[in-house]
There are 2 protein chains.
Amino acid sequence: MSTNRREGNNRRQELIDATLNCIENEGLQGTTVRKVADYAGVTNGLIRFYFSGKDELMRAAYAALLDQIYSHARIAVDDDTVKPQVRLRNFISATLSYPIVAPRTVLLWANFLPVTYIDTEMSIIRNEAYVETTNILEPLIRDSFLDNGIALDDKKVKNYAIQVNAIIDGLWIEGSLAGNKFQRNELVNLGIEATAAILSLKI
Amino acid sequence: MSTNRREGNNRRQELIDATLNCIENEGLQGTTVRKVADYAGVTNGLIRFYFSGKDELMRAAYAALLDQIYSHARIAVDDDTVKPQVRLRNFISATLSYPIVAPRTVLLWANFLPVTYIDTEMSIIRNEAYVETTNILEPLIRDSFLDNGIALDDKKVKNYAIQVNAIIDGLWIEGSLAGNKFQRNELVNLGIEATAAILSLKI
DNA sequence: CATAATTTTATACACTTGCATAATAATGAT
DNA sequence: ATCATTATTATGCAAGTGTATAAAATTATG
(Lines give C-alpha, C1' and ligand atoms only; values in the text may rest on other atoms or scores of the structure.)
Protein backbone atom coordinates (compact mmCIF):
# COMPACT_ATOMS: atom_id res chain seq x y z
CA MET A 1 0.00 0.00 0.00
CA SER A 2 1.19 3.51 -0.71
CA THR A 3 2.26 5.58 2.25
CA ASN A 4 1.50 9.16 2.86
CA ARG A 5 4.74 10.77 3.83
CA ARG A 6 5.11 14.49 3.17
CA GLU A 7 8.20 16.63 2.84
CA GLY A 8 9.36 18.27 6.02
CA ASN A 9 8.37 16.76 9.30
CA ASN A 10 5.20 18.52 10.32
CA ARG A 11 3.35 15.36 11.15
CA ARG A 12 3.27 16.16 14.81
CA GLN A 13 1.62 19.50 14.17
CA GLU A 14 -0.71 17.94 11.61
CA LEU A 15 -1.84 15.41 14.16
CA ILE A 16 -2.48 18.18 16.68
CA ASP A 17 -4.50 20.12 14.12
CA ALA A 18 -6.40 16.98 13.19
CA THR A 19 -7.20 16.46 16.84
CA LEU A 20 -8.63 19.96 17.20
CA ASN A 21 -10.61 19.56 13.99
CA CYS A 22 -11.96 16.25 15.18
CA ILE A 23 -12.99 17.62 18.57
CA GLU A 24 -14.59 20.61 16.88
CA ASN A 25 -16.67 18.42 14.58
CA GLU A 26 -17.25 15.25 16.56
CA GLY A 27 -16.91 16.37 20.16
CA LEU A 28 -14.77 14.75 22.81
CA GLN A 29 -16.80 11.57 22.70
CA GLY A 30 -16.37 11.18 18.97
CA THR A 31 -12.65 11.86 19.11
CA THR A 32 -10.87 8.52 18.93
CA VAL A 33 -7.35 7.86 17.81
CA ARG A 34 -8.74 6.27 14.66
CA LYS A 35 -10.88 9.30 13.80
CA VAL A 36 -8.01 11.68 14.46
CA ALA A 37 -5.87 9.57 12.15
CA ASP A 38 -8.62 9.81 9.52
CA TYR A 39 -8.69 13.59 9.86
CA ALA A 40 -4.93 13.64 9.39
CA GLY A 41 -5.07 11.21 6.49
CA VAL A 42 -2.87 8.61 8.14
CA THR A 43 -3.41 5.34 9.94
CA ASN A 44 -3.94 5.19 13.66
CA GLY A 45 -0.68 3.49 14.52
CA LEU A 46 1.24 6.60 13.52
CA ILE A 47 -0.09 8.57 16.44
CA ARG A 48 1.93 6.43 18.79
CA PHE A 49 5.05 7.27 16.86
CA TYR A 50 4.73 10.98 17.65
CA PHE A 51 2.92 10.79 20.96
CA SER A 52 3.16 8.43 23.88
CA GLY A 53 -0.58 7.91 23.69
CA LYS A 54 -3.92 9.57 23.31
CA ASP A 55 -3.55 11.50 26.55
CA GLU A 56 -0.38 13.22 25.40
CA LEU A 57 -2.01 14.03 22.07
CA MET A 58 -4.97 15.64 23.80
CA ARG A 59 -2.70 17.65 26.07
CA ALA A 60 -0.66 18.86 23.12
CA ALA A 61 -3.85 19.84 21.33
CA TYR A 62 -5.10 21.78 24.34
CA ALA A 63 -1.77 23.56 24.71
CA ALA A 64 -1.89 24.46 21.02
CA LEU A 65 -5.40 25.86 21.38
CA LEU A 66 -4.46 28.02 24.34
CA ASP A 67 -1.41 29.23 22.48
CA GLN A 68 -3.49 30.25 19.48
CA ILE A 69 -5.95 32.13 21.65
CA TYR A 70 -3.46 33.93 23.85
CA SER A 71 -0.98 34.80 21.14
CA HIS A 72 -3.63 36.94 19.48
CA ALA A 73 -4.67 38.56 22.73
CA ARG A 74 -1.11 39.30 23.81
CA ILE A 75 0.03 40.94 20.60
CA ALA A 76 -2.63 43.59 21.03
CA VAL A 77 -1.32 44.57 24.45
CA ASP A 78 2.41 44.29 23.95
CA ASP A 79 2.85 47.59 22.15
CA ASP A 80 3.53 49.81 25.14
CA THR A 81 4.52 52.83 23.09
CA VAL A 82 0.87 53.87 22.94
CA LYS A 83 -1.40 55.15 25.67
CA PRO A 84 -2.94 52.60 28.02
CA GLN A 85 -6.41 53.55 26.76
CA VAL A 86 -5.36 52.56 23.26
CA ARG A 87 -3.83 49.31 24.44
CA LEU A 88 -7.00 48.52 26.31
CA ARG A 89 -9.03 49.21 23.20
CA ASN A 90 -6.68 47.05 21.13
CA PHE A 91 -7.00 44.22 23.60
CA ILE A 92 -10.78 44.35 23.47
CA SER A 93 -10.70 44.62 19.71
CA ALA A 94 -8.43 41.60 19.32
CA THR A 95 -10.34 39.47 21.79
CA LEU A 96 -13.65 40.25 20.11
CA SER A 97 -12.46 39.55 16.58
CA TYR A 98 -11.62 36.51 14.50
CA PRO A 99 -10.11 34.03 15.20
CA ILE A 100 -10.86 34.29 18.90
CA VAL A 101 -14.46 35.02 18.05
CA ALA A 102 -15.45 31.90 16.14
CA PRO A 103 -17.67 28.92 16.84
CA ARG A 104 -14.66 26.66 16.62
CA THR A 105 -12.76 28.51 19.32
CA VAL A 106 -15.61 28.55 21.81
CA LEU A 107 -16.53 24.93 21.10
CA LEU A 108 -12.97 23.76 21.62
CA TRP A 109 -12.72 25.84 24.78
CA ALA A 110 -15.97 24.34 26.09
CA ASN A 111 -14.85 20.82 25.27
CA PHE A 112 -11.59 21.20 27.17
CA LEU A 113 -12.86 23.22 30.11
CA PRO A 114 -14.41 20.28 32.00
CA VAL A 115 -11.36 18.15 31.32
CA THR A 116 -9.17 20.68 33.09
CA TYR A 117 -11.26 20.07 36.20
CA ILE A 118 -10.79 16.30 36.01
CA ASP A 119 -7.29 15.77 34.68
CA THR A 120 -4.59 17.40 36.80
CA GLU A 121 -2.13 17.55 33.93
CA MET A 122 -4.66 19.47 31.87
CA SER A 123 -5.22 21.97 34.63
CA ILE A 124 -1.46 22.52 34.81
CA ILE A 125 -1.37 23.24 31.08
CA ARG A 126 -4.15 25.77 31.49
CA ASN A 127 -2.56 27.46 34.47
CA GLU A 128 0.77 27.74 32.70
CA ALA A 129 -0.68 29.17 29.50
CA TYR A 130 -3.31 31.25 31.17
CA VAL A 131 -2.30 34.83 30.96
CA GLU A 132 -4.62 35.75 33.80
CA THR A 133 -6.74 38.15 31.83
CA THR A 134 -7.19 40.21 34.94
CA ASN A 135 -3.41 40.54 35.16
CA ILE A 136 -3.49 42.11 31.73
CA LEU A 137 -6.50 44.26 32.44
CA GLU A 138 -5.57 45.58 35.87
CA PRO A 139 -2.48 47.56 34.82
CA LEU A 140 -4.22 48.79 31.69
CA ILE A 141 -7.15 50.05 33.74
CA ARG A 142 -4.97 51.55 36.45
CA ASP A 143 -2.79 53.35 33.90
CA SER A 144 -5.78 54.54 31.90
CA PHE A 145 -7.12 56.26 34.98
CA LEU A 146 -3.71 57.64 35.89
CA ASP A 147 -3.52 59.09 32.42
CA ASN A 148 -6.68 60.99 33.34
CA GLY A 149 -5.16 62.11 36.63
CA ILE A 150 -7.11 59.61 38.74
CA ALA A 151 -5.40 57.20 41.13
CA LEU A 152 -7.59 54.18 41.89
CA ASP A 153 -7.09 51.98 44.91
CA ASP A 154 -6.30 48.32 44.31
CA LYS A 155 -9.73 47.01 45.21
CA LYS A 156 -11.38 49.35 42.74
CA VAL A 157 -8.96 48.29 40.02
CA LYS A 158 -9.62 44.64 40.72
CA ASN A 159 -13.36 45.08 40.54
CA TYR A 160 -13.17 47.03 37.30
CA ALA A 161 -10.96 44.31 35.83
CA ILE A 162 -13.45 41.64 36.81
CA GLN A 163 -16.27 43.53 35.19
CA VAL A 164 -14.39 44.30 32.00
CA ASN A 165 -13.15 40.75 31.79
CA ALA A 166 -16.72 39.55 32.20
CA ILE A 167 -18.14 41.71 29.44
CA ILE A 168 -15.39 40.56 27.09
CA ASP A 169 -15.95 36.90 27.89
CA GLY A 170 -19.71 37.24 27.62
CA LEU A 171 -19.54 39.01 24.27
CA TRP A 172 -16.96 36.49 23.09
CA ILE A 173 -19.28 33.57 23.73
CA GLU A 174 -22.38 35.34 22.50
CA GLY A 175 -20.68 36.59 19.36
CA SER A 176 -19.03 33.27 18.63
CA LEU A 177 -22.14 31.17 18.90
CA ALA A 178 -24.65 33.57 17.38
CA GLY A 179 -24.21 32.77 13.72
CA ASN A 180 -24.37 35.97 11.65
CA LYS A 181 -26.02 38.05 14.31
CA PHE A 182 -23.28 40.65 14.36
CA GLN A 183 -21.88 42.88 11.63
CA ARG A 184 -18.19 43.43 11.08
CA ASN A 185 -17.18 45.67 13.97
CA GLU A 186 -20.40 45.54 15.92
CA LEU A 187 -19.14 43.21 18.60
CA VAL A 188 -15.95 45.20 19.12
CA ASN A 189 -17.92 48.42 19.38
CA LEU A 190 -20.32 46.93 21.89
CA GLY A 191 -17.37 45.77 23.95
CA ILE A 192 -15.59 49.11 23.87
CA GLU A 193 -18.77 51.06 24.63
CA ALA A 194 -19.64 48.82 27.55
CA THR A 195 -16.12 49.01 28.91
CA ALA A 196 -16.11 52.79 28.66
CA ALA A 197 -19.44 52.90 30.47
CA ILE A 198 -18.26 50.57 33.22
CA LEU A 199 -15.09 52.60 33.75
CA SER A 200 -16.85 55.95 33.15
CA LEU A 201 -13.83 56.65 31.03
CA LYS A 202 -13.30 57.59 27.41
CA ILE A 203 -11.14 54.88 25.86
CA MET B 1 -28.65 -11.00 45.39
CA SER B 2 -30.67 -8.40 47.20
CA THR B 3 -32.34 -5.79 45.08
CA ASN B 4 -32.44 -2.14 45.67
CA ARG B 5 -36.00 -1.08 45.16
CA ARG B 6 -37.19 2.01 46.97
CA GLU B 7 -40.68 3.17 47.82
CA GLY B 8 -42.25 5.48 45.32
CA ASN B 9 -41.00 5.39 41.79
CA ASN B 10 -38.39 8.08 41.47
CA ARG B 11 -35.87 5.87 39.76
CA ARG B 12 -36.13 7.78 36.54
CA GLN B 13 -35.31 11.05 38.27
CA GLU B 14 -32.58 9.35 40.29
CA LEU B 15 -30.96 8.10 37.12
CA ILE B 16 -31.10 11.59 35.63
CA ASP B 17 -29.49 13.04 38.75
CA ALA B 18 -26.87 10.32 38.71
CA THR B 19 -26.12 11.18 35.10
CA LEU B 20 -25.56 14.85 35.93
CA ASN B 21 -23.43 13.93 38.93
CA CYS B 22 -21.39 11.58 36.80
CA ILE B 23 -20.85 14.15 34.07
CA GLU B 24 -19.91 16.74 36.67
CA ASN B 25 -17.29 14.48 38.24
CA GLU B 26 -16.07 12.34 35.38
CA GLY B 27 -16.79 14.41 32.30
CA LEU B 28 -18.59 13.27 29.19
CA GLN B 29 -15.86 10.77 28.38
CA GLY B 30 -16.08 9.13 31.77
CA THR B 31 -19.84 8.96 31.70
CA THR B 32 -20.79 5.42 30.74
CA VAL B 33 -24.03 3.61 31.47
CA ARG B 34 -22.16 1.51 33.99
CA LYS B 35 -20.75 4.50 35.84
CA VAL B 36 -24.13 6.22 35.88
CA ALA B 37 -25.61 3.05 37.33
CA ASP B 38 -22.89 3.08 39.99
CA TYR B 39 -23.71 6.68 40.87
CA ALA B 40 -27.37 5.70 41.19
CA GLY B 41 -26.55 2.57 43.18
CA VAL B 42 -28.14 0.19 40.70
CA THR B 43 -26.92 -2.11 37.98
CA ASN B 44 -26.52 -0.94 34.44
CA GLY B 45 -29.30 -2.99 32.96
CA LEU B 46 -31.87 -0.91 34.81
CA ILE B 47 -31.16 2.14 32.70
CA ARG B 48 -32.68 0.44 29.72
CA PHE B 49 -35.86 -0.13 31.69
CA TYR B 50 -36.44 3.59 32.13
CA PHE B 51 -34.76 4.89 29.01
CA SER B 52 -34.57 3.60 25.47
CA GLY B 53 -30.80 3.95 25.66
CA LYS B 54 -27.93 6.17 26.67
CA ASP B 55 -28.89 8.87 24.19
CA GLU B 56 -32.32 9.32 25.71
CA LEU B 57 -30.80 9.40 29.19
CA MET B 58 -28.39 12.12 28.17
CA ARG B 59 -31.15 14.15 26.57
CA ALA B 60 -33.29 13.85 29.68
CA ALA B 61 -30.35 14.93 31.80
CA TYR B 62 -29.71 17.95 29.61
CA ALA B 63 -33.37 18.94 29.70
CA ALA B 64 -33.33 18.61 33.49
CA LEU B 65 -30.25 20.83 33.73
CA LEU B 66 -31.78 23.54 31.56
CA ASP B 67 -34.96 23.35 33.58
CA GLN B 68 -33.06 23.82 36.83
CA ILE B 69 -31.19 26.81 35.47
CA TYR B 70 -34.10 28.57 33.87
CA SER B 71 -36.62 27.95 36.61
CA HIS B 72 -34.48 30.02 38.96
CA ALA B 73 -33.95 32.77 36.44
CA ARG B 74 -37.62 32.96 35.50
CA ILE B 75 -38.99 33.21 39.01
CA ALA B 76 -37.04 36.38 39.55
CA VAL B 77 -38.66 38.06 36.55
CA ASP B 78 -42.20 36.78 36.80
CA ASP B 79 -43.33 39.14 39.54
CA ASP B 80 -44.63 41.97 37.39
CA THR B 81 -46.22 43.88 40.25
CA VAL B 82 -42.91 45.62 40.87
CA LYS B 83 -41.10 48.20 38.77
CA PRO B 84 -39.09 46.94 35.79
CA GLN B 85 -35.91 48.24 37.42
CA VAL B 86 -36.56 45.96 40.39
CA ARG B 87 -37.33 42.98 38.18
CA LEU B 88 -34.13 43.60 36.28
CA ARG B 89 -32.20 43.69 39.52
CA ASN B 90 -33.91 40.52 40.72
CA PHE B 91 -33.03 38.78 37.48
CA ILE B 92 -29.38 39.73 37.79
CA SER B 93 -29.37 38.77 41.44
CA ALA B 94 -30.86 35.34 40.77
CA THR B 95 -28.60 34.62 37.82
CA LEU B 96 -25.50 35.57 39.80
CA SER B 97 -26.36 33.52 42.87
CA TYR B 98 -26.39 29.87 43.83
CA PRO B 99 -27.29 27.45 42.34
CA ILE B 100 -26.78 29.05 38.95
CA VAL B 101 -23.42 30.30 40.11
CA ALA B 102 -21.67 27.06 40.98
CA PRO B 103 -18.83 25.05 39.44
CA ARG B 104 -21.24 22.20 38.82
CA THR B 105 -23.61 24.32 36.77
CA VAL B 106 -20.94 25.80 34.54
CA LEU B 107 -19.19 22.48 34.11
CA LEU B 108 -22.40 20.74 33.11
CA TRP B 109 -23.23 23.59 30.76
CA ALA B 110 -19.79 23.38 29.17
CA ASN B 111 -20.04 19.62 28.80
CA PHE B 112 -23.35 19.82 26.99
CA LEU B 113 -22.69 22.89 24.88
CA PRO B 114 -20.59 21.15 22.23
CA VAL B 115 -23.03 18.26 22.08
CA THR B 116 -25.81 20.65 21.10
CA TYR B 117 -23.75 21.55 18.06
CA ILE B 118 -23.34 17.92 17.03
CA ASP B 119 -26.58 16.20 17.98
CA THR B 120 -29.66 17.75 16.39
CA GLU B 121 -31.97 16.41 19.07
CA MET B 122 -29.87 18.10 21.73
CA SER B 123 -30.02 21.41 19.91
CA ILE B 124 -33.81 21.10 19.79
CA ILE B 125 -33.93 20.57 23.54
CA ARG B 126 -31.82 23.66 24.06
CA ASN B 127 -33.88 25.78 21.71
CA GLU B 128 -37.11 24.71 23.36
CA ALA B 129 -35.92 25.35 26.89
CA TYR B 130 -33.88 28.40 26.06
CA VAL B 131 -35.67 31.40 27.36
CA GLU B 132 -33.75 33.67 25.04
CA THR B 133 -32.18 35.75 27.75
CA THR B 134 -32.34 38.74 25.47
CA ASN B 135 -36.10 38.22 25.23
CA ILE B 136 -36.26 38.62 28.97
CA LEU B 137 -33.86 41.51 29.10
CA GLU B 138 -35.20 43.59 26.24
CA PRO B 139 -38.63 44.35 27.74
CA LEU B 140 -37.10 44.90 31.16
CA ILE B 141 -34.63 47.39 29.73
CA ARG B 142 -37.20 49.13 27.55
CA ASP B 143 -39.63 49.47 30.46
CA SER B 144 -36.92 50.61 32.85
CA PHE B 145 -36.15 53.49 30.53
CA LEU B 146 -39.81 54.24 29.95
CA ASP B 147 -40.21 54.45 33.71
CA ASN B 148 -37.61 57.21 33.56
CA GLY B 149 -39.47 58.92 30.74
CA ILE B 150 -37.07 57.75 28.01
CA ALA B 151 -38.26 55.88 24.92
CA LEU B 152 -35.46 53.87 23.34
CA ASP B 153 -35.56 52.70 19.75
CA ASP B 154 -35.46 48.96 19.12
CA LYS B 155 -31.84 48.83 18.00
CA LYS B 156 -30.69 50.59 21.15
CA VAL B 157 -32.70 48.20 23.31
CA LYS B 158 -31.25 45.20 21.52
CA ASN B 159 -27.70 46.43 21.96
CA TYR B 160 -28.21 47.14 25.64
CA ALA B 161 -29.67 43.67 26.09
CA ILE B 162 -26.67 42.09 24.40
CA GLN B 163 -24.29 43.98 26.65
CA VAL B 164 -26.18 43.23 29.86
CA ASN B 165 -26.54 39.61 28.86
CA ALA B 166 -22.81 39.46 28.24
CA ILE B 167 -21.83 40.90 31.59
CA ILE B 168 -24.15 38.47 33.34
CA ASP B 169 -22.77 35.48 31.44
CA GLY B 170 -19.20 36.58 31.96
CA LEU B 171 -19.64 37.11 35.68
CA TRP B 172 -21.52 33.82 35.90
CA ILE B 173 -18.61 31.87 34.46
CA GLU B 174 -15.95 33.84 36.31
CA GLY B 175 -17.80 33.59 39.61
CA SER B 176 -18.59 29.93 39.19
CA LEU B 177 -15.09 28.79 38.37
CA ALA B 178 -13.15 31.10 40.67
CA GLY B 179 -13.24 29.11 43.87
CA ASN B 180 -13.76 31.41 46.84
CA LYS B 181 -12.73 34.56 45.03
CA PHE B 182 -16.01 36.33 45.71
CA GLN B 183 -17.79 37.16 48.96
CA ARG B 184 -21.47 36.65 49.50
CA ASN B 185 -23.09 39.42 47.47
CA GLU B 186 -20.00 40.65 45.70
CA LEU B 187 -20.80 39.07 42.36
CA VAL B 188 -24.37 40.33 42.38
CA ASN B 189 -23.22 43.83 43.24
CA LEU B 190 -20.63 43.81 40.48
CA GLY B 191 -23.33 42.71 38.04
CA ILE B 192 -25.82 45.34 39.11
CA GLU B 193 -23.22 48.11 39.13
CA ALA B 194 -21.96 47.19 35.69
CA THR B 195 -25.49 46.99 34.33
CA ALA B 196 -26.35 50.38 35.78
CA ALA B 197 -23.21 51.81 34.21
CA ILE B 198 -23.92 50.29 30.82
CA LEU B 199 -27.50 51.58 30.84
CA SER B 200 -26.55 54.88 32.55
CA LEU B 201 -29.57 54.15 34.67
CA LYS B 202 -30.15 53.73 38.36
CA ILE B 203 -31.56 50.24 38.92
C1' DC C 1 23.51 1.30 -5.06
C1' DA C 2 23.52 -0.97 -0.68
C1' DT C 3 22.47 -0.58 3.77
C1' DA C 4 20.95 1.69 8.01
C1' DA C 5 17.64 4.80 10.03
C1' DT C 6 13.29 6.77 9.95
C1' DT C 7 8.52 6.93 9.00
C1' DT C 8 4.18 4.61 8.02
C1' DT C 9 1.10 0.80 7.67
C1' DA C 10 -1.11 -3.50 9.03
C1' DT C 11 -2.61 -6.51 12.33
C1' DA C 12 -3.66 -8.31 16.70
C1' DC C 13 -4.94 -8.10 21.60
C1' DA C 14 -7.05 -7.07 25.87
C1' DC C 15 -10.43 -4.17 27.59
C1' DT C 16 -14.52 -1.19 27.59
C1' DT C 17 -18.69 0.18 25.56
C1' DG C 18 -23.82 0.16 24.69
C1' DC C 19 -27.28 -2.97 24.27
C1' DA C 20 -30.04 -7.33 24.44
C1' DT C 21 -32.09 -11.01 26.98
C1' DA C 22 -33.14 -14.28 30.37
C1' DA C 23 -33.46 -15.04 35.21
C1' DT C 24 -34.80 -13.31 39.68
C1' DA C 25 -36.99 -10.48 43.08
C1' DA C 26 -40.56 -7.41 44.68
C1' DT C 27 -45.15 -5.63 44.39
C1' DG C 28 -50.15 -5.50 43.52
C1' DA C 29 -54.68 -7.68 42.62
C1' DT C 30 -58.07 -11.02 43.71
C1' DA D 1 -52.00 -17.27 49.46
C1' DT D 2 -51.76 -17.32 44.39
C1' DC D 3 -50.68 -15.36 40.36
C1' DA D 4 -49.77 -11.62 37.08
C1' DT D 5 -47.22 -7.37 36.70
C1' DT D 6 -43.52 -4.54 37.52
C1' DA D 7 -38.85 -3.70 38.81
C1' DT D 8 -34.08 -5.23 39.17
C1' DT D 9 -30.14 -8.08 38.50
C1' DA D 10 -27.03 -11.14 36.02
C1' DT D 11 -24.89 -12.47 32.02
C1' DG D 12 -23.43 -12.33 27.41
C1' DC D 13 -22.38 -10.33 22.86
C1' DA D 14 -20.83 -7.59 19.01
C1' DA D 15 -18.63 -3.40 18.05
C1' DG D 16 -15.32 0.01 19.23
C1' DT D 17 -11.39 1.51 22.17
C1' DG D 18 -6.35 2.45 23.20
C1' DT D 19 -2.21 0.25 22.70
C1' DA D 20 1.49 -2.94 21.30
C1' DT D 21 4.30 -4.86 17.72
C1' DA D 22 6.00 -6.55 13.52
C1' DA D 23 6.17 -5.76 8.72
C1' DA D 24 6.56 -2.61 4.95
C1' DA D 25 7.78 1.61 2.71
C1' DT D 26 10.42 5.61 2.51
C1' DT D 27 14.37 8.43 3.23
C1' DA D 28 19.09 9.26 4.54
C1' DT D 29 23.98 7.88 4.45
C1' DG D 30 28.22 5.87 3.03
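Everything numeric in this text was worked out from a predicted model, so none of it was measured.
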Which atom pairs, one a donor and one an acceptor, fall under 3.5 Å between side chains of residues 99-114 of chain B and the rest of the protein, sequence neighbours left out?
residue  : atom : partner  : partner atom : Å
B:Arg104 : NH1  : B:Asn21  : OD1          : 2.7
B:Arg104 : NH1  : B:Glu24  : OE1          : 2.7
B:Thr105 : OG1  : B:Pro99  : O            : 2.7
B:Asn111 : OD1  : B:Leu28  : N            : 3.4
B:Asn111 : ND2  : B:Leu107 : O            : 3.0

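- For the pair B:Asn10 CG and D:dA7 P, the computed distance is 12 Å after rounding to whole Å.
- Rounded to whole Å, atom C1' of C:dA25 lies 13 Å from atom CG of B:Leu46.
- In this model, the phosphate group of D:dT8 is approached by a side-chain N or O of B:Tyr50 to a distance below 4.0 Å at OP1 or OP2.
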Distance-only criterion, 3.5 Å: show the donor-acceptor pairs between side-chain atoms of residues 192-203 of chain B and protein atoms not counting sequence neighbours.
residue  : atom : partner  : partner atom : Å
B:Thr195 : OG1  : B:Gly191 : O            : 2.7

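- The distance between atom CZ of B:Phe49 and atom P of C:dA26, rounded to the nearest whole Å, is 15 Å.
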Distances for protein N/O vs nucleotides 13-19 of chain D N/O pairs under 3.5 angstrom?
residue : atom : partner : partner atom : Å
D:dG18  : OP1  : A:Lys54 : NZ           : 2.8
D:dG18  : OP2  : A:Val33 : N            : 2.9
D:dG18  : N7   : A:Arg34 : NH1          : 2.8
D:dG18  : O6   : A:Arg34 : NH2          : 2.9
D:dT19  : OP2  : A:Lys54 : N            : 2.8

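- Residue B:Asp38 contributes atom CG, which lies 11 Å from atom P of C:dT17 at whole-angstrom precision.
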Could you check B:Glu14 against B:Arg11 for salt bridge (Lys or Arg N to Asp or Glu O under 4.0 Å), going step by step and ending with a plain yes or no?
-> CA-CA 5 Å; B:Glu14 286 176 0; B:Arg11 270 280 184 267; 2.6 Å; yes
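- Partners of A:Asp153 by side-chain contact (heavy atoms from CB on, under 4.5 Å), not counting sequence neighbours, listed by chain and number: A:Lys155, A:Lys156.
- Going from atom CZ of B:Arg11 over to atom C1' of D:dT9 covers 12 Å, rounded to whole Å.
- Every residue two or more places apart in sequence or in another chain that forms a side chain to side chain donor-acceptor pair (under 3.5 Å) with B:Thr81 is listed here: B:Asp79.
- Straight-line distance from the CD1 atom of A:Ile47 to the P atom of D:dA20: 13 Å, rounded to whole Å.
- For A:Leu146, the side-chain contact (heavy atoms from CB on, under 4.5 Å) partners at least two apart in sequence or on another chain are A:Arg142, A:Asp143, A:Ala151.
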